[in-house]
S.K.: 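Dropping a structure here in structure tokens format, bear with me for questions.
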Amino acid sequence: FAMAAYTFSPPPGWAAMEDDDTPPASRDAAWYARCDFVDVDLATPEAKALGALLRRGLRRARLVKLERVQNRELWARYAQARHRVNLREGGDANEQLLFHGTCALAPADVCASEEGIDPRFSDGGFYGRGTYLAESAAYPVGGRYAHRVAGHNGARMQLLIVKAACGAAQDCGDRVSRATKAMKMPDIRADEQRYDSVRA
């Protein structure tokens, strides 16, 4: 597709990016792919809400820094995917804020990459290769998936809080088997549509 013809609508709350005033005819691939990390004041309602979400799973956790990732291309892809899920699920994309650990990779490196969080880098898990997200920050921290920040003796960690359009989730409960570990896609449900995600 022609990048110059592509429209971009940032989500509410995004700070202005340095090159936002670039004329549409001059918006090239680099303009769309640019990734900014914007400091969020910890006194704002946004930071307080995300701090509360963090402490819901880790009661003694303290939020010391919050950055908003602003990447036009990744946001546009997400908005399109969310729209498709909305259409398929009768207007309910089941959008959630969930935690993701990047292990040894710094979250900034993952977010600035061309694909963002990419399930192709997954080595697999209880439910096959995919993007693993958690409702509670306790899961990536306890499972050692959180990125440990150098110079803090492992006491300071970084996590991504991601917006996910989970749609219709296939509930696997606590079932883990050879079949679940071999999954490549969610199963087909009773209405012959494929589930959008897997929950366990």
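Just so it is clear, the model here is predicted, and its values are computed rather than measured.
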S.K.: For the hydrophobic clusters of this structure (ILVMFWY residues joined by side-chain heavy atoms under 4.5 Å, transitively), does one cluster hold both L58 and L42?
M.R.: yes
S.K.: Return yes if some donor-acceptor pair links the side-chain N/O of Q70 with the main-chain N/O of W14 below 3.5 Å, else return no.
M.R.: no
S.K.: Run the side-chain contact (heavy atoms from CB on, under 4.5 Å) test on N94 and S197 for me, step by step, so that the C-alpha distance in whole Å, both residues' side-chain angles and the decisive distance to 0.1 Å come before the verdict.
M.R.: CA-CA 10 Å; N94 187 18; S197 60; 5.7 Å; no
S.K.: Assess, by modelled atom type and distance only, whether the side chains of E73 and N71 contain a donor and an acceptor separated by less than 3.5 Å.
M.R.: no
S.K.: Heavy-atom count check: over 12 atoms from other residues, nucleotides or ligands less than 6.0 Å from R194 CZ?
M.R.: yes
S.K.: Among pairs that include at least one residue of residues 100-116, which meet salt bridge (charged side-chain N to carboxylate O under 4.0 Å, His left out), considering only residues two or more places apart or in two chains?
M.R.: R77-E115
S.K.: Could you go step by step and tell me if T22 and D28 meet the side-chain contact (heavy atoms from CB on, under 4.5 Å) rule?
M.R.: CA-CA 10 Å; T22 301; D28 58 7; over 6 Å; no
S.K.: Which other residues end up in the same hydrophobic cluster as V64, if Ile, Leu, Val, Met, Phe, Trp and Tyr are linked when side-chain heavy atoms come under 4.5 Å apart?
M.R.: none
S.K.: Where the side chain of T180 meets the backbone of F126, is there a donor-acceptor pair that is under 3.5 Å apart?
M.R.: yes
S.K.: Tell me, which pairs form a side chain to side chain donor-acceptor pair (under 3.5 Å) where one or both residues lie in residues 152-163, sequence neighbours left out?
M.R.: none
S.K.: What residues form a side-chain contact (heavy atoms from CB on, under 4.5 Å) with A81, not counting sequence neighbours?
M.R.: R84
S.K.: Got a sec, which residues hit salt bridge (charged side-chain N to carboxylate O under 4.0 Å, His left out) with D187, two or more places apart in sequence or on another chain?
M.R.: none
S.K.: List for me each residue that meets ring-ring contact (aromatic ring centres under 6.0 Å, His included) alongside Y195, sequence neighbours excluded, and say none if there are none.
M.R.: none
S.K.: Could you pull out all residues at least two apart from D118 that satisfy salt bridge (charged side-chain N to carboxylate O under 4.0 Å, His left out)?
M.R.: R120
S.K.: Per the side chain to side chain donor-acceptor pair (under 3.5 Å) rule, what does the pair list look like for residues 56-65, sequence neighbours excluded?
M.R.: none
S.K.: Would you give me the side-chain donor-acceptor pairs under 3.5 Å for residues 132-140, sequence neighbours excluded?
M.R.:
| residue | atom | partner | partner atom | Å |
| --- | --- | --- | --- | --- |
| Y132 | OH | Y127 | N | 2.9 |
| Y132 | OH | G128 | N | 3.3 |
| Y132 | OH | G128 | O | 2.6 |
| E135 | OE1 | R199 | NH2 | 3.1 |
| E135 | OE2 | R199 | NE | 3.2 |
| E135 | OE2 | R199 | NH2 | 3.1 |
| S136 | OG | A138 | N | 3.1 |

S.K.: With sequence neighbours excluded, tell me which residues meet salt bridge (charged side-chain N to carboxylate O under 4.0 Å, His left out) with D191.
M.R.: R189
S.K.: Residues two or more places apart in sequence or in another chain: which of them pass side chain to side chain donor-acceptor pair (under 3.5 Å) with E95?
M.R.: Y78, R82
S.K.: Start with the C-alpha distance between F99 and L54, add both sets of side-chain angles, then the distance that settles side-chain contact (heavy atoms from CB on, under 4.5 Å), and finish with yes or no.
M.R.: CA-CA 9 Å; F99 293 93; L54 175 71; 4.2 Å; yes
S.K.: What pairs meet the side chain to side chain donor-acceptor pair (under 3.5 Å) rule with one or both residues in residues 36-48, with sequence neighbours excluded?
M.R.: R34-D36, E46-R68
